[in-house]
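Sharing a structure below in structure tokens format, with a few things to ask.
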Amino acid sequence: MDYTTQITEAKEKFGQVLSEQLNRVEKMKAEKDFLDFSTLDKIVIGVVGGDGIGPAITEQAERILKFLLKDETEAGKVEFKEITGCTIEHRAEVNQALPDDVLEELKQCHVILKGPTTTPRQGDPWPNIESANVAMRKALDLFANVRPVKVPEEGIDWTFYRENTEGGYAVGSKGVNVTDDLAIDFVVQTHEGTERIARAAFEYAKKAGKTRVTCVTKANVIKTTDGNFLSVCKEVAKDYPGIELDDWYIDIMTAKLVDPKRRTQFQVLVLPNLYGDILTDEAAEFQGGVGTAGSANIGKRYAMFEAIHGSAPRMVQEGRDIYADPCSIIRAAVMLLEHIGYADKAKALENALDECMYTEKKLQITGRDTGATSAEFADYVMSKLS
Ligand code: IPM
Ligand code: MG
């Protein structure tokens, strides 16, 4: 068989990927430092309801934020901006993962609170567009996906720093079917991309008084991209003398997270995109599942805070969206407050939520009319704040 044509076409596509990624590297080299919120006259908080149960739960987190930031809003120091177009219907209609008009509105904000958005899969009635989360992370360069998991009574206190713009996700929709038999995907790692996530993890560790950062890769097999990720982390570690860096492979790490004796030793974990995606779902399960976890997507200019679960369209079809669990997006709101410089309010909300979810538990969310509605639960949380 002569595959010259197929190989030439594949090389062409590979060439395009390379030039796009090299451009991205140039942009990263030119990027400024993190936005300093204390220098802003006004902080604009965008609220993206998303679709499925998204609008129902996001509305509750927004009510709580407005309650906590009432004085600041009245004084014009904080402004809320509703962004409604990030629904699967609109995305499908314009055939864009993140419609241009939505992106324009997002760029007018400093931080974004985002409900879940539907990611079409094969067989769905929607065009097979990319996930809105992934598109938003790329478009706003939200490179650090920060996911905390805590189970105090078991000594679990982990903060994951998942690289959020590279790895298998950078060009996840640009793989090549070279022939009917051969398919190739691309995994991207850059020095700048790894350095900034490693530095973010170490900076957090330093600020939070942590003594260990754990790098998780599969560098024994994926020698180039993962190998470089690990060596850049080692380089960055040299700037943080009081903090130890240890390195683990993803397979044994997934095992050790379920080992009650070993798992308490982990504090801050830094890892490439896909391993971070998988490990953070496993980790969240210890604290009650992905519905209980919040997630911050942080870049130098923008940051987005989201629930880590999906949009559960079935709940809406069955008229149960008013009973959807708002805890994950309220956790995201905690991280948002912390990020924009309201650490005290963030702590107060975190304590109130912990009390409602884990200790007092006066209301239960069951996802049906056997439990509280999201609005009742949000009122319950707010009753602990006044
Ligand atoms: C997450 C999600 C997304 C991801 C999906 C929805 C594309 O699983 O935020 O972890 O893979 O990053
Ligand atoms: Mg995930």
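One-based numbering, in listed order, for ligands and for the atoms of each. Everything numeric here is computed off the predicted structure, so don't read it as measured data.
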Any protein N or O within less than 3.5 Å of an N or O in ligand 1? List each pair with its distance, or say none.
{"unit_1": "ligand 1", "atom_1": "8 (O)", "unit_2": "D277", "atom_2": "OD1", "d": "3.2"}
{"unit_1": "ligand 1", "atom_1": "9 (O)", "unit_2": "R137", "atom_2": "NH2", "d": "2.7"}
{"unit_1": "ligand 1", "atom_1": "9 (O)", "unit_2": "R147", "atom_2": "NH2", "d": "2.8"}
{"unit_1": "ligand 1", "atom_1": "10 (O)", "unit_2": "R147", "atom_2": "NH1", "d": "3.1"}
{"unit_1": "ligand 1", "atom_1": "10 (O)", "unit_2": "R147", "atom_2": "NH2", "d": "3.1"}
{"unit_1": "ligand 1", "atom_1": "10 (O)", "unit_2": "R162", "atom_2": "NH1", "d": "3.3"}
{"unit_1": "ligand 1", "atom_1": "10 (O)", "unit_2": "D277", "atom_2": "OD1", "d": "2.8"}
{"unit_1": "ligand 1", "atom_1": "11 (O)", "unit_2": "Y169", "atom_2": "OH", "d": "2.6"}
{"unit_1": "ligand 1", "atom_1": "11 (O)", "unit_2": "D277", "atom_2": "OD1", "d": "3.4"}
{"unit_1": "ligand 1", "atom_1": "12 (O)", "unit_2": "R137", "atom_2": "NH1", "d": "2.7"}
{"unit_1": "ligand 1", "atom_1": "12 (O)", "unit_2": "R162", "atom_2": "NH1", "d": "3.4"}
{"unit_1": "ligand 1", "atom_1": "12 (O)", "unit_2": "R162", "atom_2": "NH2", "d": "2.8"}

Is E244 salt-bridged to K234, going by a charged N under 4.0 Å from an acidic O?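 A salt bridge is absent here (no side-chain N lies under 4.0 Å from a carboxylate O).
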Geometric cation-pi criterion, R162 with Y169: 6.0 Å, 45°: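 Output yes; distance and angle both within limits.
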Roughly how far, to the nearest 0.5 Å, is CG of L140 from CG of L106? 5.5 Å
Does NZ or CZ of R147 fall inside the cone over Y161's six-membered ring, less than 6.0 Å from its centre and within 45° of the axis? no
L113 backbone acceptor or donor facing E306 side chain under 3.5 Å: no
Under 4.0 Å between a side-chain nitrogen and a carboxylate oxygen: does that hold for K138 and E130?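 Counted as a salt bridge, because a side-chain N and a carboxylate O are separated by less than 4.0 Å.
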Taking 2.8 Å as the limit, list every protein N, O or S atom around the Mg ion (ligand 2), by chain and residue number.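 Counting only protein N, O or S atoms under 2.8 Å from the Mg ion (ligand 2), the list reads D277 OD1.
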Would you call D379 and R63 a salt bridge, taking side-chain N to carboxylate O under 4.0 Å as the test? yes
Could you tell me whether K206 sits above the aromatic face of Y240, with NZ or CZ closer than 6.0 angstrom to the six-membered ring centre and within 45 degrees of the axis?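 Relative to the ring axis of Y240, which defines the angle, K206 lies outside at least one limit.
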Aromatic centroids of Y302 and H110 separated by under 6.0 Å: no
